[in-house]
Amino acid sequence: MGKLTGKVALVTGAGRGLGRGIALELARDGASIVIAELDPETGRRTADEVEALGQRAIAVVVDVQVREQVNRTVTVAVEAFGSLDILVNNAQIQRQQVAFEDTTDDDMEVVLGSGLMGTFYFMQACLPLLRRRGGKVINVASAAGLVGYAGWASYGVAKEGIRALTKVAAHEWGKHKINVNAICPLALTPSMKEWSAGNPELAKIMVESIPLAHFGDPEKDIGRAVAFLAGPDSDFITGMTMMVDGGQTILH
């Protein structure tokens, strides 16, 4: 019996990378998983992997930027499993790193729409279910926003907006026994592997900036941190941002 046995978790953007790793770790702890993913092929593949672990899973195709599709996804989840206990907002479209003055309206619209607004829509849609018996919300933010890394204006704004939603909801939803927290991960996802292969010297510098000297694994490092925040051991933690980056960003 895992610590999440009997729980239902919805993970957005879980077809690959970070979301996939999170979904698999939640399943290993006993949760049934709703894969909310834009790509039907990768979404179904993650659902198959969850089922191979012995847990139930469904994959729902959704564009998180469209409120109606988000609402439909939550309806499908309830029809399949009857409840919802855990929401992980991971979906996020990124644009290439560009200077502040070269950031376009389209960059802002797409990046904020997929990250900030998608998170907002899912939090609103899931609230009526979560407050039935309490629940956990884990939002994926980033040190790119917290620190303000050069070249990431649209992404940084989206991720800091997600942290703001996290804090406001933590204040308002605590009375419903809903914990709302954020993580700022650094993981060796497929996109990070691709970037590292194309920028070996920069990748070397980045690894050297990490006290634990390696990128995190989407499953055993990032997924385990999310599983902690989704489980009973974090019941007295809310409104917090957890840096899951090997010490690269140490908050003061």
Glu25 and side chain to side chain donor-acceptor pair (under 3.5 Å): which single residue from Arg224, Lys220, Arg20 fits? Arg224
Identify the two heavy atoms, one from Ala141 and one from Pro185, that lie closest to each other, and give their separation to 0.1 Å. O-CD, 3.5 Å
Nearest heavy-atom pair of Ala227 and Leu26: which atoms, and what distance? CA-CD2, 3.7 Å
Locate the shortest heavy-atom distance separating Ala23 from Ile35; write the atom from each residue and the value. CB-CD1, 3.9 Å
Yes or no on side chain to side chain contact (heavy atoms under 4.5 Å, CB included) for Val111 and Val157, after CA distance, side-chain angles and deciding distance? CA-CA 9 Å; Val111 177; Val157 169; over 6 Å; no
Scan for salt bridge (Lys or Arg N to Asp or Glu O under 4.0 Å) pairs involving residues 65-88, sequence neighbours excluded, and state none if there are none. Asp85-Arg133
Stepwise, does the side chain to side chain contact (heavy atoms under 4.5 Å, CB included) test hold for Ile183 with Ile138? CA-CA 7 Å; Ile183 64 165; Ile138 301 97; 4.2 Å; yes
Applying ring pair (Phe, Tyr, Trp, His ring centres under 6.0 Å), which residue pairs with at least one partner in residues 132-158 are found, sequence neighbours left out? Trp152-Tyr155
Could you report the tightest heavy-atom contact between Thr238 and Ala170, atom names first, then the distance? OG1-CB, 3.5 Å
With ILVMFWY side chains joined below 4.5 Å, transitively, what does Val110's cluster contain besides itself? Ile93
Spell out, as yes or no, whether a donor-acceptor pair under 3.5 Å connects the side chain of Lys159 to the backbone of Val140. yes
Are the side chain of Lys136 and the backbone N or O of Gly231 linked by a donor-acceptor pair below 3.5 Å? yes
Between Ser32 and Gln55: side-chain donor-acceptor atoms closer than 3.5 Å: no
Looking at Gly2, is its backbone amide N or carbonyl O close enough to the side chain of Thr5 to form a donor-acceptor pair, meaning the two atoms are under 3.5 Å apart? yes
Determine whether the side chains of Asn139 and Thr166 contain a donor N or O and an acceptor N or O closer than 3.5 Å. yes
Charged N to carboxylate O under 4.0 angstrom, Glu201 versus Lys204? no
Not counting sequence neighbours, list each pair that qualifies as a salt bridge (Lys or Arg N to Asp or Glu O under 4.0 Å) and has a residue in residues 174-195. none
Which pairs pass salt bridge (Lys or Arg N to Asp or Glu O under 4.0 Å) with one or both residues in residues 89-114, sequence neighbours excluded? Arg95-Asp106, Arg95-Asp107
Listing, residues 6-17 side-chain donor-acceptor contacts under 3.5 Å, not counting sequence neighbours, or none:
from  : atom 1 : to    : atom 2 : distance (Å)
Thr12 : OG1    : Asn90 : N      : 2.8
Thr12 : OG1    : Ala91 : N      : 2.9

Would you call Glu41 and Arg45 a salt bridge, taking side-chain N to carboxylate O under 4.0 Å as the test? yes
Determine the minimum heavy-atom distance between Gly246 and Ile210, stating which atoms define it. O-CG2, 3.4 Å
